[in-house]
There are 2 protein chains.
Amino acid sequence: MPANQPNSRSDCPISFGLDLFGDKWTLLILRDLLLRGKSKFGEFLGSEERIASNILADRLARLESSGLITKAEDESDRRQSLYRATKKGTDLLPVLVELAYWGASHDPKTGAPKEFVKAYRLDRSGLLKRLKNEIKA
Amino acid sequence: MPANQPNSRSDCPISFGLDLFGDKWTLLILRDLLLRGKSKFGEFLGSEERIASNILADRLARLESSGLITKAEDESDRRQSLYRATKKGTDLLPVLVELAYWGASHDPKTGAPKEFVKAYRLDRSGLLKRLKNEIKA
DNA sequence: CAATTCAATTGCATTTTGCAAGTAACAATG
DNA sequence: CATTGTTACTTGCAAAATGCAATTGAATTG
């Protein structure tokens, strides 16, 4: 069972975010959702960081209860659920992009695509718009 | 004793960042360092989220060993050390700013200053420049 | 030199994580 | 329509991380 939301540690907006996704896994799920078009349990499980299924279930439940994602039935296969980011969730896209740019800049072994770094440097806000649009699609 | 760096989970740039600061505390220390001009153990301890001293010592050691901060002697009081962000550390400023903007936007009880939100909306890159400048000073 | 301050460290209980195995519901196959 | 496979979880348990309170030891202050 996922832990219920403990009261926040402070009214700092950074702390507010960390209370919801300050761990090693939650933002990776958002990454999969927002940047990789994934939406099913099995797809998240398949990501290269190899999250354990109990942790994944816990994080999805927390994300849902904190309003960052929604869970819906898959009409064509009732075993599966479809997870989607809410507005609150997609609003984290700029955070993910900055995180990715930072990582790409500071990890000598980064696997970040060169086009991403180039696009960021050339036109950050255009990149954000494009990524945001790709989510809807 | 702080844990030594485990090998990274993947070559994803987001995952790279989370391997270094994917927890509830590390980014708050960076916030104190980059946005609040703090530099001493006792100053970090005093922040409203109330980090425990053993956790703080652990995180400072990790931040140092991952090259995000440096530790220097305080000439005027040799009990104290002065922690400063490196280039790699200050490069996280945009991440902190996006995080803060997201939190300020989505926490109804946020304590984020209105001027911050206004400045972000009006001129994000100007805000970043200003904050970056304030760090050096 | 005694008291205080500061940055940690220690011991210990609690919580979280991670792994492997299991289960229940549904779907696909023959 | 029975069996086999798939999918999304759940469970049990060991290991690691966290959090708290108390303590240490060096440096400063009075």
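Quick note on labels: first sequence line is chain A, next is B, and so on, each numbered from 1.
- Looking at B/D32 and B/E43, their side chains never come closer than 4.5 Å, going by heavy atoms from C-beta outward.
- Between the P atom of C/dA8 and the CG atom of B/L63 lies a distance of 13 Å, rounded to the nearest Å.
- Using a 4.5 Å cut-off on side-chain heavy atoms (C-beta onward), A/I51 and A/L45 make contact.
- Between A/K24 atom NZ and C/dG18 atom P the separation is 9 Å, expressed in whole Å.
- Each of D/dG19, C/dA7, D/dC9 was ranked by its minimum atom distance to the side chain of B/W25; first place goes to D/dG19.
- Atom NE2 of B/H106 is separated from atom CZ of A/F16 by 8.5 Å, given to the nearest 0.5 angstrom.
- Mapping A/D23 and B/I55 onto DNA chain C by nearest heavy atom places B/I55 closer to the 5' end of the strand.
- The separation between B/D19 atom CG and C/dT17 atom P is 15 Å, rounded to whole Å.
- What separates NZ of A/K71 from P of D/dC9 is a distance of 4 Å, to the nearest Å.
- Looking at B/V97 and A/E98, their side chains never come closer than 4.5 Å, going by heavy atoms from C-beta outward.
- Here the P atom of nucleotide C/dT17 and the CG atom of A/L28 are 13 Å apart, to the nearest Å.
- The separation between A/R59 atom CZ and D/dC9 atom P is 15 Å, rounded to whole Å.
- In terms of phosphate contacts, B/Y83 brings a side-chain nitrogen or oxygen within less than 4.0 Å of OP1 or OP2 of C/dA8.
- Aromatic ring orientation, A/Y120 versus A/Y101: parallel (interplanar angle below 30°, classes split at 30° and 60°).
- Here D/dA8 presents its P atom at 13 Å from CD1 of A/I29, a figure rounded to the nearest Å.
- Taking 4.0 Å as the cut-off between side-chain N and carboxylate O, B/E115 and B/R130 do not count as a salt-bridged pair.
- Looking at A/K109 and B/S8, their side chains never bring a donor and an acceptor atom within 3.5 Å of each other.
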Grab the N/O contacts between the protein and nucleotides 20-22 of chain C below 3.5 Å, and write none if there aren't any.
none

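- Remark: B/Q80 is in phosphate contact with C/dA7, judged by side-chain N or O atoms under 4.0 Å from OP1 or OP2.
- The closest side-chain heavy-atom distance from A/Y83 to A/L63 is not below 4.5 Å.
- Summarising the geometry, atom CZ belonging to B/F116 is positioned 7.5 Å from atom CG belonging to B/L35; distances are rounded to the nearest 0.5 Å.
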Polar atoms only, N or O, under 3.5 Å: list the protein pairs with nucleotides 27-30 of chain D and their distances.
from: D/dT28; atom 1: OP1; to: B/R78; atom 2: N; distance (Å): 3.0
from: D/dT28; atom 1: OP2; to: B/R78; atom 2: NH2; distance (Å): 3.3

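- Residues from residues 36-52 of chain A lying near DNA chain D, meaning a heavy-atom separation below 4.0 Å, are A/K40, A/F41, A/G42 in numerical order.
- In this structure the side chain of B/R31 never reaches within 4.5 angstrom of the side chain of B/L27, judged on heavy atoms.
- Nucleotide D/dT7 holds its C1' atom 13 Å from the CG atom of A/L82, rounded to whole Å.
- Taking the side chain as every heavy atom from C-beta outward, B/L18 and A/F21 never approach each other to under 4.5 Å.
- The side-chain heavy atoms of A/W25 and B/R9, taken from C-beta on, include a pair separated by under 4.5 Å.
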